[in-house]
Amino acid sequence: MFNVRFPTSLNEARKFQQIVSQQISLKDEFGDINYITGLDISYKNKRAYGAAIVYDCKNKKVIEKKRVEMLPKFEYVSGFLFMREVPIFLKLVDQLVNQSDLFLVDGHGIAHPAYAGSATVFGYFIKKPVIGVAKAPMNVFEFGSEEKREDFLITNLYVGKRLVGKKIAYKDKNWKPIYVSPGNNISISSSLDVVINLLDSKHKLPKPLLLAHLAANEYKENIYH
DNA sequence: GCGACAG
DNA sequence: ATCTTGTCGC
């Protein structure tokens, strides 16, 4: 998995993102999607608590849950979230027994100023379909017509002139939108389809991510320090 | 041709 | 992300 050395400074991180953005694929490289893994991280007292939820889409249930605690090596810097979170994602995946067809991570994929958010960098390592789902935009702007899909309003997201992802707004709900973009091995439109299929009327986040979020929070709160 | 924004 | 109470809604 680590045939490439992980960057150790911001300058290395910048170069790394450049490489990664050129190496990843925006084509749909998958068959049937049965198992989807959601990855999320909570923080407490500078420590990170990560959770992975492997979700069985057909039977709509969780088949595996793993958690890890780590001390991130970097402070948060906007644009470089991957420096903190990707090592934790990789450690989580290393613990999983079940194979996953696709991963969902909290954060941006290519909807990022360097076209390489944490979902993209993670996808570069894991070499499987990864989708980034973020709760706030990052240096993107939106234009073009809105597309109506059931209870959602979809808008295109651009970095410069390049289409990088979709915003999902919720009709008749006071919820902030979510921002969906490919990490690796999946197209923009398929990323949107996959996420929409994992939404329900009660929650703003796709199921596996919601469950990972709850699991990470629960873990963080039940560890004694 | 609008650009602050991830966790 | 985290620090925080009550409170509105399904």
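Just so it is clear: chains get the letters A, B, ... in the order the sequence lines come, proteins before strands, and each one is counted from 1. Just so it is clear, the values below take in all heavy atoms, side chains as well, and ignore hydrogens, waters and symmetry mates.
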ask   = What would the secondary structure line of DNA chain C be in dot-bracket form, counting Watson-Crick and G-U wobble pairs under 3.5 Å, with [ ] for pairs that cross earlier ones and | for pairs with another strand?
value = ..........
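Between C:dT2 and A:K46, no contact under 4.0 Å exists linking OP1 or OP2 to a side-chain N or O.
Ring-plane geometry between A:F122 and A:F89 is classed as perpendicular, the angle between the planes exceeding 60 degrees on a 0 to 90 degree scale with a lower cut at 30.
With hydrogens and angles left out, the side-chain atoms of A:E218 and A:N222 include a donor and acceptor closer than 3.5 Å. Of the N and O atoms on the side chains of A:K166 and A:N156, at least one donor lies less than 3.5 Å from an acceptor on the other residue.
As rounded to whole Å, 16 Å separates atom C1' of C:dA1 from atom CZ of A:R47. Here the C1' atom of nucleotide C:dT7 and the CG atom of A:N174 are 14 Å apart, to the nearest Å. Spacing between atom CG of A:D172 and atom P of C:dC8 amounts to 21 Å, rounded to whole angstrom units. One atom, CH2 of A:W175, and another, P of C:dC8, lie 19 Å apart when rounded to the nearest Å.
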inquiry  = Protein within reach of the bases, or only the backbone? For nucleotides 1-7 of chain B, mark each nucleotide 5' to 3' as B, S or -, using heavy atoms under 4.0 Å.
reply    = BBB-BBB
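Residues A:I168 and A:I36 share a hydrophobic cluster, clusters being chains of Ile/Leu/Val/Met/Phe/Trp/Tyr side chains in contact below 4.5 Å.
Looking only at distances, no side-chain donor or acceptor of A:Q17 sits under 3.5 Å from a matching main-chain atom of A:A114.
In this structure, A:Y49 has its ring center at least 6.0 angstrom away from the ring center of A:Y43.
The residue among A:N217 and A:K202 whose nearest nucleotide of DNA chain C is located toward the 5' end is A:N217.
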task = Mind running side chain to side chain contact (heavy atoms under 4.5 Å, CB included) on A:S181 and A:I131 for me, showing each step along the way?
result = CA-CA 6 Å; A:S181 63; A:I131 300 171; over 6 Å; no
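Remark: A:K127 is positioned above the aromatic ring of A:Y124, its terminal NZ or CZ atom under 6.0 angstrom from the ring centre and at most 45 degrees off the axis.
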